[in-house]
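Throughout, protein chains are lettered first and strands after them, A, B, ... in sequence-line order, and every chain is numbered starting at 1. Please read all numbers here as calculations on a predicted model, not as lab measurements.
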Protein chains: 2
Amino acid sequence: MDRPAPVYDAFVAECPTRALLDRLSDKWVSLVLVALAPGPMRYRQLHRRIDGVSQKMLTQTLRSMARDGLLTRTVTPTVPLRTDYELTPLGRSLLPVMAAIKAWAETNIEAVERARLDYDEHQVDGGTGAAR
Amino acid sequence: MDRPAPVYDAFVAECPTRALLDRLSDKWVSLVLVALAPGPMRYRQLHRRIDGVSQKMLTQTLRSMARDGLLTRTVTPTVPLRTDYELTPLGRSLLPVMAAIKAWAETNIEAVERARLDYDEHQVDGGTGAAR
DNA sequence: CGGGATCCCGTCGGATACTG
DNA sequence: CAGTATCCGACGGGATCCCG
């Protein structure tokens with residue numbers, strides 16, 4: 001009866017989707033997602049695959065993604081320990097989108113770099129001249 | 001001749017695409033992009049459309065996006081001042097991707113919230129019991 | 001191996017005041 | 001209207017040490 005209007009809009013500051021959008025807007029999230037695309041991986045593998053990520057950020061990212069239902073964390077209490085991470089169906093549904101961002105960056109990086117050179121140049125020389 | 005291997009991979013820390021990916025991973029970037037989808041907008045309009053953004057962050061985001069060639073900034077020196085922002089073709093090529101993230105968040109927010117409840121519950125109660 | 005806990009510095013980003 | 005400039009508190013995130 002009064003379960004009517006779940007109208008979510010990230011343009012609205014108080015909307016929970018705004019916070020979610022912020023979470024998803026994290027380079028580590030996209031990289032983890034894409035890294036896990038082929039299949040389950042162990043912590044160590046992820047750490048090496050995602051170059052430059054600190055142990056703290058990787059763990060933190062994995063935890064929050066597990067909490068958000070994007071992936072599962074399976075601990076095998078052998079000695080030594082073993083932990084596997086695997087995308088959930090929910091995580092997989094986000095995968096194409098994140099892969100697309102990463103791909104866009106890799107495809108258009110050169111265009112962006114050209115735009116930056118252009119921009120910076122026109123900042124120094126305000127318009128008419130050819131000087132310098 | 002030696003213009004051979006522009007192999008970009010955001011998994012590599014030093015790759016320029018990593019930095020670009022980080023820039024794109026910004027909630028304001030996605031919101032600005034989607035906001036400008038219908039057509040050019042003035043500063044004031046954007047500020048109102050994107051609820052909760054501070055003037056500082058909006059300006060800062062718009063500048064970096066202009067520098068990266070995602071949008072153009074056109075100042076009309078009337079009194080009072082008028083500034084229009086409009087997506088470039090490059091920006092438009094990124095639009096579908098960003099719109100998809102925003103849409104994903106709005107579509108799956110409830111699934112995520114359920115996953116969080118589930119996760120938090122199993123943290124408190126480690127497994128067997130039904131207690132509490 | 002897979003983390004947790006702590007320290008600590010840099011920057012992100014909001015609030016406020018002022019300008020062309 | 002569309003910003004710029006400044007101050008400053010919060011926290012993001014790396015480095016380090018330790019544990020199960």
Side-chain angles (χ1 to χ4, degrees), chain A residues 12-14 18-32 35-36 40-68 71-86 119 122-123 126-127, chain B residues 10 13-14 18-32 35-36 40-68 71-86 119 122-124 126:
Chain A
V12 179
E14 306 76 28
R18 169 69 71 86
L20 179 55
L21 183 63
D22 200 21
R23 304 296 308 274
L24 301 180
S25 297
D26 183 323
K27 62 176 169 182
W28 301 129
V29 169
S30 58
L31 290 176
V32 166
L36 285 176
M41 289 184 78
R42 300 182 58 175
Y43 184 87
R44 225 14 180 21
Q45 297 179 285
L46 278 169
H47 202 174
R48 269 179 305 213
R49 181 82 172 104
I50 304 174
D51 185 31
V53 67
S54 70
Q55 158 273 342
K56 177 180 175 179
M57 287 317 297
L58 181 55
T59 300
Q60 188 173 299
T61 302
L62 288 168
R63 286 301 149 85
S64 81
M65 289 175 70
R67 192 172 108 95
D68 290 351
L71 51 80
T72 59
R73 175 174 180 266
T74 311
V75 181
T76 311
T78 53
V79 177
L81 217 59
R82 176 194 177 106
T83 312
D84 287 272
Y85 294 93
E86 182 172 14
Y119 186 92
H122 288 71
Q123 292 306 305
Chain B
E14 306 76 26
R18 170 68 72 85
L20 179 55
L21 184 63
D22 200 20
R23 303 297 307 276
L24 300 180
S25 296
D26 182 323
K27 62 176 169 182
W28 300 130
V29 168
S30 58
L31 289 176
V32 166
L36 285 176
M41 290 183 77
R42 300 181 58 175
Y43 184 88
R44 224 11 178 25
Q45 295 178 287
L46 279 169
H47 202 172
R48 269 179 304 212
R49 179 83 172 103
I50 304 173
D51 186 31
V53 67
S54 69
Q55 151 268 27
K56 177 180 175 178
M57 287 316 297
L58 180 54
T59 300
Q60 188 174 299
T61 301
L62 288 169
R63 286 301 150 87
S64 80
M65 290 175 71
R67 192 171 107 96
D68 290 351
L71 51 80
T72 59
R73 175 173 180 265
T74 310
V75 180
T76 310
T78 52
V79 179
L81 217 58
R82 174 194 177 108
T83 311
D84 287 270
Y85 293 93
E86 182 172 14
Y119 185 93
H122 288 71
Q123 291 307 305
V124 181

Novice: Going by heavy atoms closer than 4.0 Å, what residues in residues 50-58 of chain B are next to DNA chain C?
Specialist: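 B:S54, B:K56, B:M57 - these, ordered by number, are the residues of the stretch whose heavy atoms sit under 4.0 Å from the strand.
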Novice: Just list the side-chain donor-acceptor pairs under 3.5 Å for residues 44-51 of chain A, sequence neighbours left out, or say none.
Specialist:
from: A:Q45; atom 1: OE1; to: A:R42; atom 2: N; distance (Å): 2.8
from: A:H47; atom 1: NE2; to: A:V53; atom 2: O; distance (Å): 3.0
from: A:D51; atom 1: OD2; to: B:A13; atom 2: N; distance (Å): 3.0

Novice: Heavy-atom distance under 4.5 Å between the side chains of A:Y119 and B:R63, does that happen here?
Specialist: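 In contact.
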Novice: Rounded at 0.5 Å granularity, tell me how far CG in B:D22 sits from CH2 in A:W28.
Specialist: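 Here the interatomic distance stands at 8.0 Å.
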Novice: I'd like to check the side-chain hydrogen bond (donor to acceptor under 3.5 Å, both in side chains) partners of B:R18; sequence neighbours left out, ordered by chain and number.
Specialist: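 Residues passing side-chain hydrogen bond (donor to acceptor under 3.5 Å, both in side chains) with B:R18: none at all.
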Novice: For B:Y85, check ring-ring contact (aromatic ring centres under 6.0 Å, His included) against everything at least two apart and list the hits.
Specialist: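 Result, ring-ring contact (aromatic ring centres under 6.0 Å, His included) vs B:Y85: none returned.
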Novice: With a 4.0 Å limit, can you tell me whether B:R42 has a side-chain N or O closer than that to the phosphate oxygens OP1/OP2 of D:dA2?
Specialist: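 Yes, because at least one side-chain N or O of B:R42 sits under 4.0 Å from OP1 or OP2 of D:dA2.
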Novice: Please name all residues satisfying side-chain contact (heavy atoms from CB on, under 4.5 Å) with A:S64, sequence neighbours left out, ordered by chain then number.
Specialist: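 Once residues adjacent in sequence are excluded, the partners of A:S64 under the side-chain contact (heavy atoms from CB on, under 4.5 Å) criterion are A:R23.
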Novice: Take A:R48 and B:D26, find for each the nucleotide of DNA chain C with the closest heavy atom, and name the residue whose nucleotide sits nearer the 5' end.
Specialist: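 Checking each residue's closest nucleotide, the 5'-ward one belongs to A:R48.
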Novice: How many Å lie between CD on B:Q60 and P on D:dT6, as a whole number?
Specialist: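 Distance, rounded to whole Å: 15 Å.
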Novice: Examine D:dA2: is either OP1 or OP2 under 4.0 Å from a nitrogen or oxygen in the side chain of B:R73? Give yes or no.
Specialist: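 Checking D:dA2 against B:R73, no side-chain N or O comes under 4.0 Å of OP1 or OP2.
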Novice: Working to the nearest 0.5 angstrom, can you tell me the gap between A:L62 CG and A:M41 CE?
Specialist: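 Those atoms lie 10.5 Å apart.
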Novice: Earliest and latest nucleotide of DNA chain C, 5' to 3', sitting under 4.0 Å from a non-hydrogen atom of chain B?
Specialist: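 Boundary nucleotides touching chain B, in 5' to 3' order, are C:dG13 to C:dG20.
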Novice: What is the distance, rounded to the nearest whole Å, between atom CZ of A:R63 and atom P of D:dG12?
Specialist: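 Answer to the nearest Å: 17 Å.
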Novice: Nearest 0.5 Å, what's the CG-OG1 distance between B:L31 and B:T61?
Specialist: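 Going from the CG atom of B:L31 to the OG1 atom of B:T61 covers 9.5 Å.
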